[in-house]
Undergrad: 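My questions will all concern the structure given below.
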Amino acid sequence: MEIIYGRNRKEQPEPVRAKVTGKIPAWLQGTLLRNGPGMHTVGESRYNHWFDGLALLHSFTIRDGEVYYRSKYLRSDTYNANIEANRIVVSEFGTMAYPDPCKNIFSKAFSYLTHTIPDFTDNCLINIMKCGEDFYATSETNYIRKINPQTLETLEKVDYCKYVAVNLATSHPHYDEAGNVLNMGTSIVEKGKTKYVIFKIPATVPEGKKKGKSSWKHTEVFCSIPSRSLLSPSYYHSFGVTENYVIFLEQPFRLDILKMATAYIRGVNWASCLAFHREEKTYIHIVDQRTRQPVQTKLYTDPMVVFHHVNAYEEDGCIVFDVIAYEDSSLYQLFYLANLNQDFKENAKLTSVPTLRRFAVPLHVDKNAEVGSNLIKVASTTATALKEQDGQVYCQPEFLCEGLELPRVNYTHNGKRYRYVFAAGVHWSPVPTKIIKYDILTKSTLKWRETDCWPAEPLFVPVPGAKDEDDGVILSAIVSTDPQKLPFLLILDAKSFTELARASVDVDLHMDLHGLFIPDMDSEAKKQATSEEPQDGASDCHGAPPT
Ligand SMILES: CC1=C(/C=C/C(C)=C/C=C/C(C)=C/C=O)C(C)(C)CCC1
Ligand SMILES: [Fe+2]
């Protein structure tokens, strides 16, 4: 597994033309842009965790049946400082680093003082966010980095803190139809006022506001939810939305702020400040986007750990939401590089399988409803919400399917009723071995897998004018551990899950995390703008840079 996870990857900044087999649909024109960790050692120093690796952006540009690949390390301040020092000098999730080699106790104490309120890393390795016409590499700290989606160059650093009071923010924002971004973050600095903040970044500068100003300045707080525990807010990796509501799970997987404030002097990493409290409940917060107020009903469910929300929608006075849930937090433990070594089958065993769970929560609780009665009258799910004596509502999910992670849906159905989940197939190990299409209606699955092939998160791209939810293709970057087989971009027909084409590239493809597809709006115009004609040829040919 070290070959997949722990090895440093070589960047490929010049586009490489892929060898295409099969036929890429003519309508599929655009760029698949993805992010993930690519460098795990700097000089003699080594990161401990896979989520620490330096961000490596990569893209597959699909144009007229041809595919071009390129990759480039994000030139974050973190990357630059590490490369300059030839060692890791910035702390990441699983690695605490010391900028100055603290030779004596006094200098260590001094460094400690300057780190009490930590300045987090800008190594944005998790996802790509679209904001208006701009693209950003994202992580979970207060920093994101603007990038050029064509050349993968690193542009300016944006500090969320300048626009909204959050120290951490998710790398899984939502988008409305106008492209406005809805995201969530946690404010931990104002002691005693720890809160979760839902905020909106407009896609464009609002009408009537002074032109020329960036839309960031118009970021607005939508709603703040006070943390149940002021010194120990929940950790969350994503959240859900419906057309009118936001769903936030305050799970008992929590950050300890005091531990974080002393982590540097204690020489421990950020990950050690996270703990799952298996005896506590998971609180379900619902925020009405129209009133910007939380729904007053106290909703809760059993302890669980959720990283990825799948989708959510409203039905008959209820909110139905689907998540991938675990019984514990073993997933983050498994991604320590020491666990992903040769014996990963032994070391990297999940102690709970990820399951797709469907919850249903009532938007209004009938005062006359009997204590103990199920408030969910929706026929399509067996999820329940039981009214309790004290007015709280206890929600129990319907278990839909096991062994899914990195879920994606057809985003035109985001927040709306939907039927299909596309995901990576995992079981006891967190390493995906297949791609799955799960049909919620028929509870059936379609799978793609190939020996020695390790798929990334599958992304759904709809065909223009699509009628059915699954009218489109699935894109997934496949890492190969078969020396005879090059890595490739896999293109599946999303309906039948049959292979339409694959584009093999002779490059050092890394296992990535998340990304997005940028469709070419006007591919004809783009083609005209391409200065050079691409050369015909083999997979290692460096064709003209697609614009
Ligand atoms: C650096 C840093 C953090 C980084 C978290 C990361 C990098 C999480 C990655 C999660 C992924 C990739 C999940 C996939 O399902 C925290 C804990 C927010 C807090 C403080 C500083
Ligand atoms: Fe994620």
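Order of listing sets the numbers, starting from 1, for every ligand and every atom in it. None of these values were measured; they are calculated from a predicted model. One-based numbering along the sequence shown.
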Undergrad: For atom 10 (C) of ligand 1, is some protein heavy-atom partner under 4.0 Å away?
TA: yes
Undergrad: Could you tell me which atoms of ligand 1, counted from 1 in the order shown, lie closer than 4.0 angstrom to a heavy atom of Tyr332?
TA: 10 (C), 11 (C), 13 (C)
Undergrad: Note the single closest protein heavy atom to atom 20 (C) of ligand 1, along with its residue, its atom name and the distance in Å.
TA: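 In this structure, atom 20 (C) of ligand 1 has Phe120 CE2, 3.6 Å as its nearest protein heavy atom.
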Undergrad: Taking the six-membered ring for Trp, are His49 and Phe335 parallel (under 30°), tilted (30 to 60°) or perpendicular (over 60°)?
TA: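 His49 and Phe335: tilted rings.
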Undergrad: Quick one: angle His308 NE2 - the Fe ion (ligand 2) - His237 NE2, to the nearest 10°?
TA: 100°
Undergrad: With the side chain counted from C-beta on, respond yes when Phe60 and Ile491 share a heavy-atom pair under 4.5 Å apart, and no when they do not.
TA: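 No, every pair of side-chain atoms sits at 4.5 Å or beyond.
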Undergrad: At a 4.0 Å cut-off, with the gap strictly under it, does some heavy atom of Phe335 reach an atom of ligand 1?
TA: no
Undergrad: Does any part of the side chain of Val246, heavy atoms only, come nearer than 4.5 Å to the side chain of Phe239, both counted from C-beta?
TA: yes
Undergrad: Answer yes if the ring centres of His514 and His308 are under 6.0 angstrom apart, and no otherwise.
TA: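 Yes.
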Undergrad: May I ask you to identify the nearest protein heavy atom to atom 19 (C) of ligand 1, giving residue, atom name and distance to one decimal place in Å?
TA: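 Its nearest protein heavy-atom neighbour is Leu168 CD2, 3.9 Å.
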Undergrad: Tell me: protein heavy atom nearest atom 8 (C) of ligand 1, and distance?
TA: Glu140 OE1, 3.6 Å
Undergrad: Under 6.0 Å from the ring centre and within 45 degrees of the ring axis: does the NZ or CZ of Lys157 meet both conditions for the six-membered ring of Tyr143?
TA: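 Positive - Lys157 is close enough to the ring of Tyr143 and near enough to its axis.
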Undergrad: With a cut-off of 4.0 Å, which atoms of ligand 1 are near a heavy atom of Leu513?
TA: 12 (C)
Undergrad: Suppose we measure from atom 5 (C) of ligand 1 to each protein heavy atom; which comes out shortest, and what is that distance?
TA: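 Closest protein heavy atom to atom 5 (C) of ligand 1: Phe93 CD1, 3.5 Å.
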Undergrad: Using 30° and 60° as the class boundaries, would you call the ring planes of Phe422 and Phe497 parallel, tilted or perpendicular?
TA: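 Aromatic pair Phe422/Phe497 classed parallel.
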Undergrad: Would you mind checking which non-hydrogen protein atom is closest to atom 15 (O) of ligand 1, with the distance to 0.1 Å?
TA: His308 CE1, 3.3 Å
Undergrad: I want to know whether Tyr420 and Phe460 have ring centres closer than 6.0 Å.
TA: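 Here the rings of Phe460 and Tyr420 have centres that are no less than 6.0 Å from each other.
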Undergrad: Identify whether the distance between the nearest side-chain nitrogen and carboxylate oxygen of Lys146 and Glu133 falls below 4.0 Å.
TA: no
Undergrad: Quick one: does ligand 1 sit under 4.0 Å from the side chain of Asp52, the backbone, both or neither, non-hydrogen atoms only?
TA: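 No part of Asp52 comes within reach of ligand 1.
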Undergrad: Return the residue, atom name and 0.1 Å-rounded distance of the protein heavy atom closest to atom 2 (C) of ligand 1.
TA: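 Looking only at protein heavy atoms, the one closest to atom 2 (C) of ligand 1 is Trp270 CD1, 3.9 Å.
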